[in-house]
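Some notes on the structure that comes next.
Heavy atoms only: backbone and side chains are in, while hydrogens, waters and symmetry mates are out.
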Amino acid sequence: LLQQMNRDLQGGEWRDVVRQSREFWGLFQESSKQLDVSRFITTLITSSTGLEEDKSRNIVQAVGRLYGYASDLLHPIGDSGVKNVFVGGKEDAYLAYSLAASFLNLVTRKFKRYLEDRKVEA
C-alpha cells in the first residue's frame, strides 16, 4: 500500500494517496478475534520505551484521528449531505504519505525490538 501511495504521490494523484492513507490507517484500527491491533501497538510502544500505557495509547488514538482526517478530505459533509469531491491538495497527500511511512517504520522497529527482547529472555 505504501509503495502504491509513493507511486501515486510521484504521479500527482493526490486524491488516490489520501484514499490509500485512509485504507492504511484503517488497518491499524481494526481488531479481530485473534488480535486487538490498537492494544498490540500500545503494548509494543510501552514495552520498548518505558512509557506508561496511557501515554503510549496516545499514538494509537492519533491514528484514528488521521483516518478521520483522510475521510473528511475525501468525503466532506456539506449542507446537502456527503459530497463526493476531494477537497485536499498536494500538501495533504505528502502529509498522508509521510505520516503513514513514519508510523509503519515506528511499528516495525518496535516489533523487531520486542522480538529481540523476547529472544534474550528465552
(message) Does Gln3, at its CD atom, have more than 12 non-hydrogen atoms belonging to other residues, nucleotides or ligands within less than 6.0 Å?
(response) no

(message) Once rounded to the nearest 0.5 Å, what's the spacing between atom CD1 of Ile45 and atom CD1 of Ile59?
(response) 6.0 Å

(message) I'd like to check the side-chain hydrogen bond (donor to acceptor under 3.5 Å, both in side chains) partners of Arg22; sequence neighbours left out, ordered by chain and number.
(response) none

(request) Among Thr43, Thr42, Leu44, find the residue that satisfies the side-chain contact (heavy atoms from CB on, under 4.5 Å) test when tested with Thr46. (result) Thr42

(request) List in chain and number order the residues that pass side-chain hydrogen bond (donor to acceptor under 3.5 Å, both in side chains) with Ser48, two or more places apart in sequence or in another chain; answer none if no residue qualifies. (result) none

(message) Does anything in residues 99-109 form a side-chain hydrogen bond (donor to acceptor under 3.5 Å, both in side chains)? List the pairs, not counting sequence neighbours.
(response) Asn105-Arg109

(request) State, to 0.1 Å, how close Leu1 and Gln20 come at their nearest heavy-atom pair, and which atoms those are. (result) CD2-O, 3.7 Å

Residues 60-67 side chain polar contacts: donor-acceptor under 3.5 Å, at least two apart:
none

(request) Could I get the full list of side chain to side chain contact (heavy atoms under 4.5 Å, CB included) partners for Asp92, not counting sequence neighbours? (result) Val18, Tyr69, Leu73

(request) Identify, with sequence neighbours excluded, every residue that meets ring-ring contact (aromatic ring centres under 6.0 Å, His included) alongside Tyr114. (result) none

(request) Search all heavy atoms of Met5 against all heavy atoms of Ser21 and return the closest pair with its distance. (result) CE-CB, 3.7 Å

(message) The criterion is side-chain hydrogen bond (donor to acceptor under 3.5 Å, both in side chains); which residues satisfy it with Gln10, sequence neighbours excluded?
(response) Asn6

(request) Might you point out which heavy atoms bring Phe24 and Leu104 nearest each other, and give the distance in Å? (result) CZ-CB, 3.9 Å

(message) Would you compute the distance between atom CG of Asn58 and atom CG of Leu51 and round it to the nearest 0.5 angstrom?
(response) 9.0 Å

(message) Asp72: which residues meet the side chain to side chain contact (heavy atoms under 4.5 Å, CB included) condition with it, sequence neighbours left out?
(response) none

(message) Please enumerate all residues that pass ring-ring contact (aromatic ring centres under 6.0 Å, His included) together with Phe103, with sequence neighbours excluded.
(response) Trp25, Phe28

(request) Please report the C-alpha distance between Leu2 and Tyr97 in whole Å, then the side-chain angles of each, then the deciding distance to 0.1 Å, and finally whether the side chain to side chain contact (heavy atoms under 4.5 Å, CB included) criterion is met. (result) CA-CA 7 Å; Leu2 277 176; Tyr97 175 75; 4.0 Å; yes

(request) Under the side chain to side chain contact (heavy atoms under 4.5 Å, CB included) rule, collect the residues that match up with Lys90, sequence neighbours excluded. (result) Trp14, Tyr94

(request) Apply side-chain hydrogen bond (donor to acceptor under 3.5 Å, both in side chains) to Gln4 and list each qualifying residue two or more places apart in sequence or on a separate chain. (result) Arg7, Asp8

(request) For Lys110 and Thr49, work out which heavy atoms get closest and say how close. (result) NZ-CG2, 3.3 Å

(request) Keeping to residues at least two apart or across chains, list the salt bridge (charged side-chain N to carboxylate O under 4.0 Å, His left out) pairs with something in residues 50-64. (result) Arg39-Glu53, Glu53-Arg57

